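Heads up, the thing below is written out as structure tokens.
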Amino acid sequence: MSFTPHGKHIIAGEYVATDQTFTNKPVHGPVSHFSVGTAELVDRACQAAEAAFWHYGYSMREERATFLHAIADEIEARAEAITFIGSLETGLPEARLQGERGRTVGQLRLFAAHILAGDYLDRRRDAALPERKPVPRPDIRLLQRPVGPIAVFGASNFPLAFSTAGGDTASALAAGCPVVVKGHEAHPGTSEIVAEAIRTAIVKCGVHPGVFSLIHGGAHEVGRELVEHPLIKAVGFTGSLAGGRALFNLCAARPEPIPFYGELGSINPMFLLPAVASRGEHLARGWVGSLTAGAGQFCTNPGVVILIDGKATQAFVDAAVSALATVGAQTMLTEGIASAYRAGRDRMADNMGVYQLFTSSCEQRNATPYLFATTGEAWLANDVLGEEVFGPLGLIVTVKDLGELLLVAHSLAGQITCTIHMDEADTEAAQNLLPIVERKAGRILINGFPTGVEVCDAMVHGGPYPASTNFGATSVGTMAIRRFVRPVSYQNLPDELMPPDLR
Ligand code: NAP
């Protein structure tokens, strides 16, 4: 199976080429050329999305559920070609891409079931009280309505599950919002084939073509124009802290500010409480597995371990070092991400009070693991140690006692996850730690590892800044739909005017 991209944008069902092109950077094989996005195309896609909203935003939930299933079917129909181009462009192993495709179609089908169940509409009614004194109460009903066209930024690290037809797109389409995707330059061919799947589903289901557009990048201008476009009503983003913050600021500075749902950086700390000393070696192996999976390019990568200095510390360190020694070089998603990883390693190594436990040598697009250590005292004195290094790099923070461990917890910035490893004997310590990490993280795990995020109703994938720019939201799981709806109250509406979902 092979796939050769045509390299065009897909704007409201039409293939559009632009004069300027950029190339993808496949790990091996020939490069393909892609049209660079422009401000004019952004405008065209947004105008089409707005036109589509007047149909799609008022469609029945059953129609949208059918459409979501059709997209999933079309992705499955292109399974092998998606894996082919995906692994070529990103260097991710085929098995990982197959798993990610399963997650992507699973998300689409989950949102179909979710909107059919209808709980997300949060329907409320305060019936009229005409006899109430001193003033009668009108009939008031509440319903969640879609907000309008959504901009989605494809993520580099999940070419399928967080990209063209990923969680942001699936939840926006489920809500009734048209989507304009800005493809990520790391995998434009993968974006193209998935966009083709959506385009085919649109035709088969008779949906308005403006419901979906894919604009390739190639210029910063595209992202900027998209978030500043007056017809865009919210943004879904996964990426770097710097990029996300720049786009967030643009959204806030618009004449009409809009919500920017950015999922940015996280170090996903893991706290080891005293009683787990007996299984330190086992934990170290588990940690290394989670830390190095997918070359450490997960937003839930547990980059930092905090443990209380004691007899078991060395056994944990030794086991981690020997597990890391068995991890070979892995191809990173882009040369830019690989060089950012090496810069992060150098930043870590340059810190006073930080020493290397495991070193390796990586170059070009390869990542090999690194392990550093520091003390609670040094951590508390240096904010830089809390910055994300995107890749398989770990830091062990050894603290003097539980008091210092709690201070380290207090010092943390917002996190997507915090993990506590404990035994029954640690219950009291964990009771002290839990309220602190609860203020820091979107998801708290006991005796687990944070990579491998379940897509389900109870999942929160977000957290206080900089984990995300909106701690009331999640980008994984069915609650993600809330980002793209807003409550409207209907007071004294006659039945003929009542939205069908409230009748
Ligand atoms: P990125 O640089 O933030 O880019 C993500 C998207 O935002 C791209 O489409 C990019 O467009 C756009 N963008 C970024 N800055 C912009 C600006 N100032 N104006 C307009 N558009 C802008 O992220 P990335 O390319 O995925 O990876 C780079 C780094 O991000 C990684 O090394 C890693 O540190 C971090 N990352 C973190 C996570 C996480 O989950 N925590 C996930 C992925 C990446 P252009 O193509 O035009 O640049």
Side-chain angles (χ1 to χ4, degrees), residues 22-29 31-32 82-100 153-163 166 183-191 217-218 237-244 263-268 287-304 323-349 358-372 387-395 416 450-453:
F22 69 96
T23 60
N24 63 356
K25 299 192 175 53
V27 179
H28 50 83
V31 299
S32 300
I82 289 173
T83 303
F84 169 81
I85 185 74
S87 60
L88 211 69
E89 290 190 323
T90 64
L92 292 171
E94 289 193 359
R96 151 75 198 271
L97 284 160
Q98 283 155 359
E100 201 182 317
F153 284 74
S156 59
N157 60 337
F158 277 87
L160 303 173
F162 277 88
S163 284
H184 199 286
E185 269 184 61
H187 50 78
T190 316
S191 301
F237 173 94
T238 300
S240 69
L241 182 54
E263 198 233 288
L264 314 178
S266 202
I267 53 168
N268 303 293
W287 177 48
V288 165
S290 187
L291 178 73
T292 60
Q297 301 167 113
F298 289 125
C299 24
T300 49
N301 180 16
V304 174
L324 285 170
T326 65
V327 179
Q330 297 178 77
T331 311
M332 293 200 96
L333 295 155
T334 66
E335 280 166 19
I337 288 176
S339 78
Y341 174 58
R342 289 192 293 274
R345 170 204 63 189
D346 296 343
R347 210 171 55 233
M348 186 64 75
F358 181 82
T359 184
S360 58
S361 158
C362 56
E363 50 182 5
Q364 294 173 343
R365 206 165 147 174
N366 283 335
T368 48
Y370 290 86
L371 184 60
F372 293 86
E387 289 175 8
E388 180 187 53
V389 179
F390 199 61
L393 181 148
L395 175 66
I416 294 177
T451 45
V453 183

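Numbers here simply count residues along the sequence, with the first being 1. Every value quoted in this text rests on a predicted model; they were computed, and no experiment measured them. Note that these values count all heavy atoms, side chains included, but never hydrogens, waters or copies made by symmetry.
- Checked by atom type and distance alone, the side chain of E100 pairs as donor or acceptor with a backbone atom of L160 at under 3.5 Å.
- A pairwise comparison of heavy atoms in A186 and T334 identifies CB-CG2, 3.3 Å as the closest pair.
- Panel note: side chain S290, backbone W287; no donor-acceptor pair is recorded below 3.5 Å.
- Sorted by first then second residue, the salt bridge (Lys or Arg N to Asp or Glu O under 4.0 Å) pairs that include residues 331-347, not counting sequence neighbours, are R347-E387.
- Atom CD of residue E263 and atom OG1 of residue T238 lie 4.5 Å apart, to the nearest 0.5 angstrom.
- Scanning both residues, R96 and P159, for their nearest heavy atoms gives NH2-CD, 4.3 Å.
- Between the side chain of Y341 and the main chain of P392, a donor-acceptor pair closer than 3.5 Å is present.
- Between G86 and T190, the closest heavy-atom pair is CA-OG1, 3.4 Å.
- Of all heavy-atom pairs between L264 and L241, the closest is CD1-CD1, 3.7 Å.
- Note: F390 CZ to F298 CZ = 9.0 Å, rounded to the nearest 0.5 Å.
- A distance-only check finds a donor-acceptor pair linking the side chain of S266 to the backbone of I416 [under 3.5 Å].
- With rounding to the nearest 0.5 Å, the separation of CG in L324 from OG1 in T359 is 11.0 Å.
- Among all heavy-atom pairs drawn from I337 and S156, the shortest one is CD1-OG, 3.5 Å.
- With values rounded to the nearest 0.5 angstrom, F158 atom CZ is found 10.5 Å from L97 atom CG.
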Under 3.5 Å, which donor-acceptor pairs link side chains of residues 22-29 to any protein atom two or more places apart or in another chain?
unit_1	atom_1	unit_2	atom_2	d
N24	OD1	S32	N	2.8
N24	ND2	E89	OE2	2.8

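- Put simply, CG on L92 and CE on M332 are 10.5 Å apart, with the number rounded to the nearest 0.5 Å.
- Judged by distance alone, with hydrogens and angles left aside, the side-chain atoms of Q330 form a donor-acceptor pair with the main-chain N or O of T292 at under 3.5 Å.
- To the nearest 0.5 Å, atoms OG1 (T90) and CG (N157) are separated by 10.5 Å.
- Side-chain N or O atoms of S360 include none that pairs as donor or acceptor with a backbone N or O of Y370 at under 3.5 Å.
- With hydrogens and angles disregarded, a donor-acceptor distance shorter than 3.5 Å links the side chain of N301 to the backbone of G391.
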